[in-house]
There are 2 protein chains.
Amino acid sequence: MARDKAETKARILAAVGKLLAESGFKSLGVNAIAREAGVDKVLIYRYFDGLPMLLRQFAQAGDYWLTMEALVGDESAVEASTLTDWMTYLLLEFMGDLQERSITQEILRWELLEGNELTNELAQVRDQLALDSLKFLKSKGEFPEGQDVPAISAVLIAGVVYLTLRAKIHRTFLGIDFSSPQGWQRIESALASIIQSTLQEQECS
Amino acid sequence: MARDKAETKARILAAVGKLLAESGFKSLGVNAIAREAGVDKVLIYRYFDGLPMLLRQFAQAGDYWLTMEALVGDESAVEASTLTDWMTYLLLEFMGDLQERSITQEILRWELLEGNELTNELAQVRDQLALDSLKFLKSKGEFPEGQDVPAISAVLIAGVVYLTLRAKIHRTFLGIDFSSPQGWQRIESALASIIQSTLQEQECS
DNA sequence: ATAGTTTGTCACTGGTCAGTGACTTTTGTT
DNA sequence: AACAAAAGTCACTGACCAGTGACAAACTAT
């Protein structure tokens, strides 16, 4: 092997991503990483000072969520006018994006079992994204009185995350089939419907 | 130790529950179970034919969810009249109950990583409970047209499960503090509000 | 070119794990 | 009392794991 420290470090970092995406965090150990990278494990200790520091470094390179920029960078391209439209748009985009991100899903699974360098980093960026989204939404229209929009968002996002994580393991949940686009279609409609009903001002009792 | 096969089997099963509740499924191995039960591990193979069969047996003794009976056994004791009231009542009871069930939570975590004897059993009972609930709700009032109540329920239940599992590991989610009763209060209100808005017939446009 | 440092290889320790075979002790049956 | 089956003990294998120390090869600065 060519003696190239930078290259070796890159291979190790890449191996972390590949293992996470393909086999999950369960099998993410020093030995497995070294094997995957085709590198001696002692280099992990030498270059990264152990697994925790390696994970921290991996986290920093992270690109685990879409950004507000990518979401609404060009507002005019999005067909949404009302607060309801925007919130629906953001949540469905978030869901679609999450489904594509194997690594992010894996870190979210991890987060349910223990906190570590990776999950903390991910959680921080996620919360920031949610905060930005809420601020953005506020600019699109006043939140209805008496509705705790952050709490409602938390419930819906939590639901989306759970369904996404679970769908990778089990086909169905509560009788809904998540192996078919129809199942996801029902969830999308349900989300849209919930947002619409909940955010709409109730002028008549 | 007294030579009592039945007693020994009971100790082993009890050890599974204790380990699950206290240390999670990660540490649930043959060695750990035998150690916890104060029993030689070879007996696990002799009496249960290995870990998978032991888990299956553990699952059958299961009492992992509340039953419809316990929920609405005495309907007159519940202050709920409308469909909305009932659905809110069921979901909040479900949430409160889940928070108390360490073993169930642990199996739900497990379910997000892999399927096994325990998670399959749990999922089956859970789905049956949800089905019964929906049937019960239907007896309390027609579902509003154009609303996919099962899908909406799935989203809300998924959200509740995710928030419950996550709260055991991290204090906050999207800025909401789940270590305080106030945080959970906000979630409860949000759920009630979502159900109310979504199920309510919209007579005025 | 030579000395020192960096890069990478290798072999090892001590620990945990699942699983098995051989053993002793108790119990119940005849 | 004798014997067989059941209950429980013990010691071991082979595999994997994290982490470390000793070493060889290559590059660099003098």
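Naming convention: chains lettered A, B, ... in sequence-line order (proteins, then strands); numbering from 1 in each chain.
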J.: Below 4.0 angstrom from OP1 or OP2 of D:dC17, is there any side-chain N or O of A:Arg35?
T.: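 Yes, because at least one side-chain N or O of A:Arg35 sits under 4.0 Å from OP1 or OP2 of D:dC17.
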
J.: Separation of B:Glu7 atom CD from D:dA6 atom P, in whole Å?
T.: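 B:Glu7 atom CD is separated from D:dA6 atom P by 20 Å.
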
J.: Can you name the ring-ring contact (aromatic ring centres under 6.0 Å, His included) partners of B:Phe25, sequence neighbours left out?
T.: B:Trp110

J.: What residue pairs, at least two apart or across chains, pass side-chain hydrogen bond (donor to acceptor under 3.5 Å, both in side chains) with a residue in residues 38-49 of chain A?
T.: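 Qualifying pairs: A:Asn31-A:Lys41.
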
J.: Can you tell me the distance, in whole Å, between the CZ atom of A:Phe48 and the C1' atom of D:dA18?
T.: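 It is 17 Å, rounded to the nearest whole Å.
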
J.: Rounded to whole angstroms, how far apart are NZ on A:Lys9 and P on C:dG8?
T.: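 To the nearest whole Å, that distance equals 11 Å.
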
J.: Tell me yes or no: between the side chains of A:Asn120 and A:Gln124, is some donor less than 3.5 Å from an acceptor?
T.: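 Looking only at side-chain atoms, A:Gln124 and A:Asn120 do not form any donor-acceptor pair under 3.5 Å.
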
J.: D:dG8 P sits how many Å from B:Ile12 CD1, rounded?
T.: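 In whole Å, D:dG8 P and B:Ile12 CD1 are 9 Å from each other.
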
J.: Does a nitrogen or oxygen in the side chain of B:Tyr47 sit under 4.0 Å from OP1 or OP2 of D:dG8?
T.: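 Yes, B:Tyr47 has a side-chain N/O under 4.0 Å of OP1/OP2 on D:dG8.
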
J.: Given atom NZ of A:Lys26 and atom C1' of D:dC17, what is their separation to the nearest angstrom?
T.: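 Computing the A:Lys26:NZ to D:dC17:C1' distance gives 16 Å.
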
J.: Which pair of non-hydrogen atoms, one from A:His170 and one from B:Gly115, has the smallest distance, and what is that distance?
T.: NE2-CA, 4.0 Å

J.: Would you mind reading off the distance between A:Leu43 atom CG and D:dA18 atom P, rounded to a whole angstrom?
T.: 15 Å

J.: Spell out protein contact along nucleotides 19-30 of chain D as letters: B when the base is contacted, S when just the sugar-phosphate is, - when no protein heavy atom is under 4.0 Å; keep the 5' to 3' order.
T.: BBB---BS----

J.: Within residues 17-25 of chain B, which residues have any heavy atom lying less than 4.0 Å from an atom of DNA chain D?
T.: none

J.: Suppose we screen for salt bridge (charged side-chain N to carboxylate O under 4.0 Å, His left out). Which residues come up paired with A:Glu121, at least two apart in sequence or across chains?
T.: none

J.: If the condition is ring-ring contact (aromatic ring centres under 6.0 Å, His included), which residues does B:Phe178 pass it with, not counting sequence neighbours?
T.: B:Trp184

J.: Does B:Thr8 have a side-chain nitrogen or oxygen under 4.0 Å from the phosphate oxygens OP1 or OP2 of D:dG8?
T.: yes

J.: Run the ring-ring contact (aromatic ring centres under 6.0 Å, His included) test against B:Phe58 and tell me which residues pass, sequence neighbours left out.
T.: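 B:Phe58 satisfies ring-ring contact (aromatic ring centres under 6.0 Å, His included) with no other residue.
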
J.: Does any pair with a residue in residues 62-80 of chain B pass salt bridge (Lys or Arg N to Asp or Glu O under 4.0 Å), and if so which ones, sequence neighbours excluded?
T.: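 Salt bridge (Lys or Arg N to Asp or Glu O under 4.0 Å) check on residues 62-80 of chain B returns B:Asp63-B:Arg101, B:Glu75-B:Lys140.
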
J.: Roughly, in whole Å, what's the span from CD1 in A:Ile44 to C1' in C:dT7?
T.: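 Nearest whole value for this atom pair: 15 Å.
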
J.: Test of understanding: with ring-ring contact (aromatic ring centres under 6.0 Å, His included), list the residues that count as partners of B:Tyr89, not counting sequence neighbours.
T.: B:Trp86

